[in-house]
Amino acid sequence: MPDPVVLKSGAEPWGAKPRRALSRRNIVLYGTLLVAALYYLLPLYVMIVTSLKGMPEIRLGNIFSPPVEITFEPWAKAWATACTGLNCDGLSRGFWNSVRITVPSTLISILVASVNGYALANWRFKGAEVFFTILIVGAFIPYQVMIYPIVIVLREMGIYGTLTGLVIVHTIFGMPILTLLFRNYFASLPEELFKAARIDGAGFWQIYGRIMLPMSMPIFVVAMILQITGIWNDFLFGVVFTRPDTYPMTVQLNNIVNSVQGVKEYNVNMAATLLTGAVPLIVYFVSGRLFVRGIAAGAVKG
Amino acid sequence: MTGQPHAGRPSQLLRNLNAKIASIPMILTAVVIFLGGTIWTVVYSFTNSKLLPRAKFVGFDQYERLWAAPRWIVSIENLAIYGLFTLVFSLVIGFVLAALMDQKIRFENTFRTIFLYPFALSFIVTGLVWQWILNPEFGVQSVVRALGWESFAFDPLYNSKIVIYGVLIAGLWQGTGLVMCLLLAGLRGIDEDIWKAARVDGIPMWRTYLFIVIPMMRPVFITTLVIIASGIVKVYDLVVAQTSGGPGISSEVPAKYVYDYMFLAQNLGQGFAASTMMLVTVAIIIVPWAYLEFGGRKRA
Amino acid sequence: MQHSVSIRDLSLSFGSVSVLKDLNLDIGEGEFLVLLGSSGCGKSTLLNCIAGLLEPTGGQIFIRDRNVTWEEPKDRGIGMVFQSYALYPQMTVEKNLSFGLKVAGMAKAEIDKRVARAAEILQIGPLLKRKPSALSGGQRQRVAIGRALVRDVDVFLFDEPLSNLDAKLRSELRVEIKRLHQSLKNTMIYVTHDQIEALTLADRIAIMKSGVIQQLADPNTIYNMPRNMFVAGFIGSPSMNFLHGEIVERGGRPAFATNGVDFSLDGYAAGEALQPGRKVVLGVRPEHVKVDEDGAEEAHRATVDIEEPMGADNLLWLKHAGHSMSVRVGGARRFAPGTAVRLSFDMGLASLFDAGTEERI
């Protein structure tokens, strides 16, 4: 027996409420997002188009217009022959310095911090939390406060101005965030696993190498992303702890662009800027979600 | 009820030896560098060290000189303006973007990638690209003038009155994506049922955000605030790349003051005093926060 | 009779995944209806559709004969109680109760009156100035019910409201919800996966599986006359015993034969559907299996395998003709493992299902 209301259902609301794709809400929502996205993309766009123009075109046109005549000359110059005031072999020297700094710094800092985080999470010993607290609070101390004592220590050790010294500095300052990251991650793994391994007779290093390490690949990748981008982008430590021939890329870039000698070549500057930003950008675009996870894990739980 | 307090905590020294060995780098870093280095710098800020540190104490001389230096005053003013606006704008913009991103939108990943990519770039790159965009001869100003608005003037990097706002624009571009991401993670952590309950109660969306969701996100906001704030105090590379402190000294910041006095002007005592002031600034920010966090943990 | 809530041909799919399929349901004025099923069966989805928190892909929803399919939740005349309570954590209990009313622009005096009434009914008066974090789980759930109560609506929706509570509190609040329903006489729709909650609270139970209502009936019918094998197996703990076999004729009367053993079907009301040769499944609940210790002929003899004394009653696991079978007997009757017993079934309370369609015969 049909219900009376069903009989007139043809004119009645049925199913999902019809919505226009261009509702006011959607226009405001996507409109705002698009405008914001344009603002964020604009500098990248400007960098790219500027780096592909010749200097005459730059002087005539505006910075937003696409290149009329595409030239890769600025890129070649930025890489190989741009002058920093000291030498004229371009960014390539800085690039290789940065590679020599970033690779060992990343590996050593992650190794030290992961073992440390594991010790803190699973092998708590008396006093560990005190040191850890100092470490975390220390992460908020401006680097400027600690820089000079480190200079003295490194000078005493005879490695001030060397890449080794800079690697040690990066390991030190990467420690708070990385230790926190690993400690929290290892603490989130089921404790039974650790207990079972201990009952099976595995020791400190065995549990780390055979159980924790294989289970924690994602967090190692997150830590690598954090460190590679962080160390590559560093400027302060580079300028303080290296000499001109071992300057990392960021320092060299700044010297090229802000060097007061000669005519400003904006296209070369932008090509150099893009070249320096390329490594972290590639890491960012490739890692995507893990990058987000890294900053969320490192920041929110901190 | 809660079990024996000493259960499962072996006290033998040898049993945890490996853990202690593994913690040596952390202990050295924490004690020697973070604690020792900080104390050393604070102590030597009371000396008249010039090219090399010398333990010749001169009381508050360095601090008196510091606060009498116009360059330091400008640095502090700049830091205050930059800091205040960065906090307000990055929280507001970051939250608005996060709230928009939380509307079950299409292309969420694309938008997030776009908003966050500047954060992957260094301050040097950020400073240089905005130096170029804000270049009055070729950048935004000239483009707007070319559109017919001849009197348009926007040249922050060449105008000492507004130069710090030019730095601010670049800083916000680099950092708001991070704030958006942190706050979005916070928004996603809100129980779905809260939203449903508010809808059943007929509470409009903006009021739900304002009176229910934002208060619930207090911990996330505080953490974000601390992260932004500690970044502000450290701001250095951005200014070096974008303005080199100029025009004149009008965009100087404390971190640059410290570096210049320590490594260029060879006036270590002055650098130590300035860095100690930075430390005090940070302490003013994080001590209340740490107190809250620590107090909260104790109660739990 | 006026229906409080009517659902017509409701369907909902997310992309290609269909969660609800052409669902029809009428809920009477003042009825307590329980939607029961395991997770993923669509029961919460259905409730969210009724609340207006999810948009159906097709079909209509009527509340008090008003088509509310396109209406906002707040305009539907419903109140809802959530599993996680969903109290606004930064507001006091009083503010939690009154916030929605205040936003709706209700006069202060009326708000106070309603809050006072809800507090009285739920006995949360002393808690009004507290924040949710200072309340116990049971108290929070009471406040959550109060928030629905102050809305003064016809239909209450409960989404697994007791699942986050411990067993003792759960049974206490169950009684309170029942008492609340008896005094308020509102229509209540209650989602749960707990069959005890369903059986004790419901006027009618709708058992759902894969977005389809399997059976809609009062608890007694659901328990004793399950419409298909899914319902029969879902309700009851331990589950109903299922014996696969066929109908045979013994002395002119139908009987059930399994593994060569016959059981008379005298007392089973089914009529001519019991043609000999039909493949069937006999379902018997543990308490409808009878065991006697006096000797039996070989065929109906079973052995006690395991005994699980539970206080009030005693659960036996028997072995019979290759089957394992559970039996519930009084707590006073004890059987040592290995005891041989005579097995028979209370056919008046048993169920027969077609072996192919799994539908009740």
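Throughout, a chain's letter reflects where its sequence line sits, starting with A, and its residues are numbered from 1.
Comparing B:Ser45, B:Ala22, B:Gly37 by heavy-atom pairs within less than 4.5 Å of chain A, the highest count is held by B:Ala22. Counting heavy-atom pairs closer than 4.5 Å to chain A, the top-ranked of the candidates B:Leu128, B:Asp237, B:Val32, B:Val233 is B:Leu128. Counting heavy-atom pairs closer than 4.5 Å to chain A, the top-ranked of the candidates B:Thr276, B:Leu268, B:Thr224 is B:Leu268. Annotation: maximal heavy-atom pairing with chain A below 4.5 Å, among B:Val31, B:Thr176, B:Val42, occurs at B:Thr176.
Using a 4.5 Å cut-off between heavy atoms, B:Trp173 touches chain A through backbone and side chain atoms alike. The part of B:Val282 that comes within reach of chain A is its side chain, from C-beta onward, which places non-hydrogen atoms under 4.5 angstrom from that chain. With a 4.5 Å cut-off on non-hydrogen atoms, B:Phe107 does not touch chain A at all. Interface residue B:Val258: only side-chain heavy atoms are found under 4.5 Å from chain A. Heavy atoms closer than 4.5 Å to chain A are found nowhere in B:Ile39, neither backbone nor side chain. Proximity to chain A is limited to the side chain of B:Ser244, based on heavy atoms less than 4.5 angstrom apart. Of the atoms belonging to B:Ala241, heavy atoms from both backbone and side chain fall under 4.5 Å from chain A.
Ring planes of A:Tyr160 and A:Phe241: perpendicular class, angle over 60° (limits at 30 and 60°). Ring geometry for A:Tyr143 versus A:Phe237: interplanar angle of 30 to 60°, hence tilted.
A donor-acceptor contact shorter than 3.5 Å is absent between the side chain of B:Lys20 and the backbone of A:Ala128. Between the B:Gln242 side chain and the B:Gly127 main chain, no donor and acceptor come within less than 3.5 Å of each other.
In this structure, B:Phe272 and B:Tyr261 have side chains that are not in contact, with every pair of non-hydrogen atoms separated by 4.5 Å or more.
Atom-to-atom distance recorded for B:Phe34:CZ and A:Ile136:CD1 is 9.0 Å, nearest 0.5 angstrom.
Aromatic rings from A:Phe194 and A:Trp123 are positioned such that their centres are separated by under 6.0 Å.
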